[in-house]
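Please find one structure pasted underneath; my questions will follow.
Whatever order the structure lists them in is the order used to number ligands and atoms, beginning at 1.
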Amino acid sequence: MDIWGDIVSSMAPNIDKNSLKLLKGIHKTKLENNKFKIYTPDIVYRDWLDSNYKEDIKKILYRLTGKNLIVEVISEEEIQLKKEKRKIEKQLPKEKLAQPINLNPKFTFSNLIIGNCNKVAYKAAIAVAENPGNIYNPLFIYGDIGLGKTHILHATAHYMLSKNPDANIIYTTADAFMSELIAYMQKGSILDFRRKYKNIDLLLIDDVQFLVRKERTQIELYYIFNALHLIRKQVILSSDTPPSKLKGIQGRLLSRFASGLVVEVKPPDIETKLKIIKKKAQEFKMDIPYDVMLFIAKTVNTNIRELEGSLTKLKAYSQIMERPVTLDMTREVLKDILEIKQIEEFSIEKIQKEVANYFAVNINEILGSSRKKKVVMARQIAMYLARYLTDKSLNEISKAFKKKDHTTVINAIEKVKKQMEKDRKFKLTVEFLRDKILTS
Ligand SMILES: Nc1ncnc2c1ncn2[C@@H]1O[C@H](COP(=O)(O)OP(=O)(O)OP(=O)(O)O)[C@@H](O)[C@H]1O
């Protein structure tokens with residue numbers, strides 16, 4: 001029996017024709033034990049169905065089957081993403097987590113979310129771990145605080161150990177390196193210090209910006225660096241600024257830092273932040289609704305450490321209060337640490353204005369019913385951005401665009417998403433507009 005067909009026919013008299021069209025567009029459902037699973041092409045579709053029709057579907061199912069079934073709406077896009085990740089993880093050898101050195105077992109490549117912000121650093125680190133000492137030596141990773149540099153350093157060491165369990169690796173921070181050096185000097189055994197650092201396959205030094213004006217430590221590092229480089233042993237360094245901006249470090253050391261590959265880890269975009277939040281929520285065993293994730297992704301500016309801090313705070317609060325995490329709770333709990341005001345000022349009008357300016361069309365045209373190609377494109381992009389950059393519901397967005405019902409908005413979002421997938425130039429335009437709105 002075609003249950004979905006029956007459900008849609010039962011709903012047909014009570015819903016508008018656009019919603020009906022969207023419901024008819026669903027082609028995959030599954031009845032399994034006490035669950036009725038509905039598969040939507042993507043997350044937006046899923047959220048729409050989930051929040052508008054789940055309860056109705058449950059009631060109709062009861063009428064049709066006599067059973068109280070659980071209705072689950074699943075986005076195929078998400079399933080696909082998970083599959084891709086699993087595929088990549090399968091290609092990576094199992095990372096060995098019990099380390100003699102001070103590595104954080106959680107900082108592995110499988111726990112690292114990859115986006116445009118860190119793709120280059122990630123690929124370079126993998127290449128280095130697979131072929132240490134031979135391609136990018138040193139690898140110099142720089143970027144603002146809390147963007148995952150340490151995570152990449154540790155992950156590289158884990159990965160290298162998984163390929164070669166006997167690899168001799170030292171991970172240290174510039175500060176710890178300096179303290180260790182002083183301790184050895186006080187004992188009068190500087191040669192032991194040098195010996196220790198000479199017999200290794202991979203040297204990772206985090207936060208080298210702290211070497212600024214530490215002349216003695218710089219001399220020692222210069223010596224060690226040259227010794228390792230000569231016998232093709234790998235060095236990876238991290239810093240909050242590129243070598244060219246590290247004032248107070250000797251020129252000869254700086255030129256060594258910059259002699260391999262210098263890569264930047266940039267702040268994550270909204271999509272990457274969303275993925276990181278999802279991942280961290282799983283790690284923290286938290287159940288967080290999508291609107292809360294979106295809110296956190298939009299309000300936490302860039303620092304991923306802060307983003308984790310927000311989740312920890314939210315988890316503690318929800319456990320103490322014995323209440324599930326909601327958007328209201330999140331606003332309340334995080335008000336001290338997030339720049340919520342900034343988000344509240346972030347209006348659909350602003351999005352409409354920016355998009356209209358960009359396409360050189362009039363806002364009234366966007367709000368009207370013109371079918372001119374340029375206007376339709378601007379209208380659809382503005383609707384898409386309104387959905388992703390504000391906390392407004394689909395109904396509120398359709399009102400702001402003077403549309404009678406929200407199916408127009410859903411259709412616009414779908415179109416933009418599909419177009420972004422197949423047209424790179426279009427994708428860049430949408431991302432440009434998004435960043436412009438986020439940063440202006
Ligand atoms: N792309 C990512 N995916 C998952 N977690 C991430 C990602 N980037 C950063 N994190 C997490 O954010 C936290 C901060 O990252 P990390 O300590 O590596 O930042 P950092 O750039 O080294 O900061 P600092 O400059 O302060 O040393 C860590 O818990 C890390 O696991």
(message) Taking the ring of Tyr197 and the ring of Phe177, is the distance between their centroids below 6.0 Å?
(response)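 Ring centres of Tyr197 and Phe177 closer than 6.0 Å.
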
(request) Could you tell me whether Arg194 sits above the aromatic face of Tyr223, with NZ or CZ closer than 6.0 angstrom to the six-membered ring centre and within 45 degrees of the axis? (result)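 The answer is yes, since Arg194 meets both limits relative to Tyr223.
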
(request) Establish, yes or no, whether the cationic atom of Lys187 lies under 6.0 Å from the six-membered ring centre of Tyr184 and within 45° of the ring axis. (result)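 Cation-pi check for Lys187 and Tyr184: passes.
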
(message) Ring centres under 6.0 Å, that's the criterion: do Tyr171 and His154 meet it?
(response)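 Ring-ring flag for Tyr171/His154: true, centres closer than 6.0 Å.
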
(request) Please list, by chain and number, the protein residues whose heavy atoms come under 4.0 Å of ligand 1. (result)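 The 4.0 Å shell around ligand 1 contains Phe107, Asn111, Leu112, Ile113, Asn118, Asp144, Ile145, Gly146, Leu147, Gly148, Lys149, Thr150, His151, Asp207, Ile276, Lys280, Ile304, Arg305, Glu308.
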
(request) Would you sort out whether Asp207 and Thr173 count as a side chain to side chain donor-acceptor pair (under 3.5 Å), showing the intermediate values? (result) CA-CA 6 Å; Asp207 296 324; Thr173 61; over 6 Å; no

(message) Quiz question: by atom type and distance under 3.5 Å, do the side chains of Tyr136 and Gln234 form a donor-acceptor pair?
(response)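 Not at all, the side chains of Tyr136 and Gln234 share no donor-acceptor pair under 3.5 Å.
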
